[in-house]
Amino acid sequence: MVVASDIHAGFAATVERRPDATALVWHQETTSYAELAELAAKARAEIEALGLDDGEPLAIVAHKSPGTVARVLACLELGRPFVLPSPTLAESALAAVLERTGAARLTDGVGFMLTTSGSTGPPKVVPLGHPAVDRFTRWAGERFGIGSTTTVLNYAPLNFDLCLLDIWATLRHGGTVVLVDPDRGADGAHLRDLIVEHRVAVVQTVPMVYRLLIDAGASAGSSAGAGAEGLDDVEHVIVTGDALPARTLAELPRLFPRARIYNVYGCTETNDSFVHEVGAGDEAPLPLGEPIDGVEALILSDDGEVIAGPGSGELHVATPFQTDGYLDPALNGVKFFDRAGTRWFRSGDLVRRTADGRIVLEGRNDFQVKVRGVAVNTAEVERVLLDHPQVAEAAVVALADPVAGKRLHAAVRRAGTDRLNSLVLRQHTADHLVQAAIPSVFRIVDEPLPTTSTGKVDRRSVADSFTTGPPEGASQPATPPQRWLTLRPSDVPKTQVNRQGE
Amino acid sequence: MSNVRAIKDYVIAEFAPDVSADELDTDLDLLKAGIIDSLGLLKLIAWIEDHFQVSVEDTALDPDNFRSVTAIETFVETAPRQRVEAG
């Protein structure tokens with residue numbers, strides 16, 4: 001039987017009552033609710049013509065467009081589960097996702113199947129039940145005032161869980177979604193124009209984007225000979241996905257003078273779990289905030305003891321919005337467990353509870369870092385580089401970058417003396433991992449990489465060498481000479497940002 | 001043809017300084033291969049406007065126009081020249 005989705009029901013109600021209302025804005029063109037319903041009807045016919053079995057999932061490659069949104073709506077209407085693979089996945093990674101979802105038997109009531117970033121091997125597929133997604137879109141609508149007259153900016157790629165708020169909660173409640181083309185996502189002036197022109201009321205994105213907006217506002221202000229104008233129509237600003245740098249936090253209230261600003265913590269598996277509303281006098285790092293209604297949180301020490309008072313440990317959460325587990329149950333082992341009748345998710349985030357009860361993020365308990373808002377595992381990038389036959393040693397470190405958050409730097413010792421260049425290694429990385437996992441800077445050397453006393457590659461020393469230059473007295477290999485290869489500009493046009501962190 | 005050389009030289013100098021001009025295939029997908037990311041694309045476009053004195057309209061900001069050395073060359077050939085401001 002078809003399990004109804006509130007997203008589709010809400011969408012259909014708006015089609016009925018206000019067919020001419022704008023559902024989507026994309027590349028300066030608007031799509032009304034009636035037009036989107038027409039696209040969805042065509043998509044529905046296409047899907048039905050495929051002759052899939054009941055419950056067999058459909059893959060919708062998540063190219064951002066009204067057509068893709070319509071396909072998702074068609075699946076929601078048909079009660080057909082669907083997976084949204086990232087369009088930036090390499091063919092081999094995409095094939096792996098499709099193979100696993102194609103072979104899956106899904107429990108009744110699964111709609112969205114999102115994928116984790118794919119930086120830790122093939123992306124993990126996260127099936128979400130309609131009830132969980134419905135609870136989330138209801139909560140998001142109430143918490144951030146998303147209703148029939150609300151315009152929401154969608155920055156995230158369509159395969160990201162953030163779209164459950166930006167796009168799907170908004171269409172459920174009859175609002176308007178302004179879709180940002182990911183290819184123009186680094187253009188702060190463009191983003192600013194979209195917000196102003198379409199009178200966007202809700203913005204949810206990663207800290208990097210707020211930095212781009214602040215810089216775009218500053219340059220617009222200085223060229224006009226006046227102070228930058230604030231974005232007055234914005235009422236709710238949601239910061240998520242990464243720690244907000246102090247400088248960006250300080251400037252946000254001026255950029256959004258009328259908005260309430262929130263720091264939201266969540267992940268694909270559980271969706272949002274904590275909200276902190278920023279108040280005057282808040283300093284970075286912002287606390288995670290209060291658990292959302294219905295969310296439970298546990299801090300556990302290394303040996304599994306519950307940390308009830310002040311102290312540090314790994315954060316575990318249970319939310320009304322979460323998945324029951326990965327599509328491949330074999331992956332659930334360390335990430336999900338049952339305890340006292342509750343299904344808990346192990347976040348992988350180390351947190352500290354302060355004496356006044358606030359929970360603050362301390363870092364990852366592994367090699368997980370965020371690059372342009374995407375979770376990347378540096379150990380996995382190293383593993384992929386080491387798979388290349390001409391690579392003898394590899395160390396990947398994430399260094400702070402004011403715009404990207406973190407940029408990956410790779411030091412590679414080549415095997416033999418064959419010509420090995422950054423093009424080859426980039427292509428190799430691109431073939432196996434998502435784009436954010438491709439190191440920004442490569443250094444290819446013939447010298448052994450520095451090691452710790454236990455014989456492991458000393459990543460700290462590698463990181464230091466990238467910030468201070470090659471170690472003095474390092475002997476020069478015969479061919480080619482050791483040299484520094486900065487393969488991506490660390491400056492954005494009009495903004496000088498290539499200062500060292502700190 | 002001379003444009004191809006200039007474009008190659010720029011891409012190499014800016015994004016892949018350890019690579020020789022011969023090693024950079026003019027049809028290589030620079031975006032997919034991770035050589036140019038979204039920040040790099042903005043920088044590349046600024047250079048194209050400046051170096052070739054062409055106008056890159058917002059409507060032309062399709063990444064497909066800048067996907068490879070060949071694509072950039074085609075774009076430069078067909079892009080409108082910048083108007084010289086009088087006075």
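Order of the sequence lines sets the chain letters (A, B, ...), proteins ahead of strands, with each chain counted from 1.
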Novice: Is there a donor-acceptor contact under 3.5 Å from the side chain of Asn421(A) to the main chain of Val19(B)?
Specialist: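 Looks like no, no N/O pair under 3.5 Å.
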
Novice: Of the non-hydrogen atoms in Arg426(A) and Ala33(B), which two are nearest, and what is the gap between them?
Specialist: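 Minimum heavy-atom contact is CB-O, 3.3 Å.
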
Novice: Give the minimum heavy-atom separation between Leu41(B) and Asp183(A), together with the two atoms involved.
Specialist: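 Between these two residues, the closest heavy atoms are CD2-O, 4.4 Å.
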
Novice: Closest heavy-atom contact between Lys32(B) and Gln435(A)?
Specialist: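 Minimum heavy-atom contact is CA-NE2, 4.0 Å.
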
Novice: Please look at Leu28(B) and chain A and tell me whether the side chain, the backbone, both or neither of the residue comes under 4.5 angstrom of a heavy atom of that chain.
Specialist: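 Contact with chain A involves the side chain of Leu28(B) alone.
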
Novice: Testing Asp25(B), Ile35(B), Leu30(B) one by one against Leu423(A) for a side chain to side chain contact (heavy atoms under 4.5 Å, CB included), which residue passes?
Specialist: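 The option that passes is Ile35(B).
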
Novice: State, to 0.1 Å, how close Asp18(B) and Ser422(A) come at their nearest heavy-atom pair, and which atoms those are.
Specialist: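 Nearest pair, atom of Asp18(B) first, then Ser422(A): OD1-OG, 2.6 Å.
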
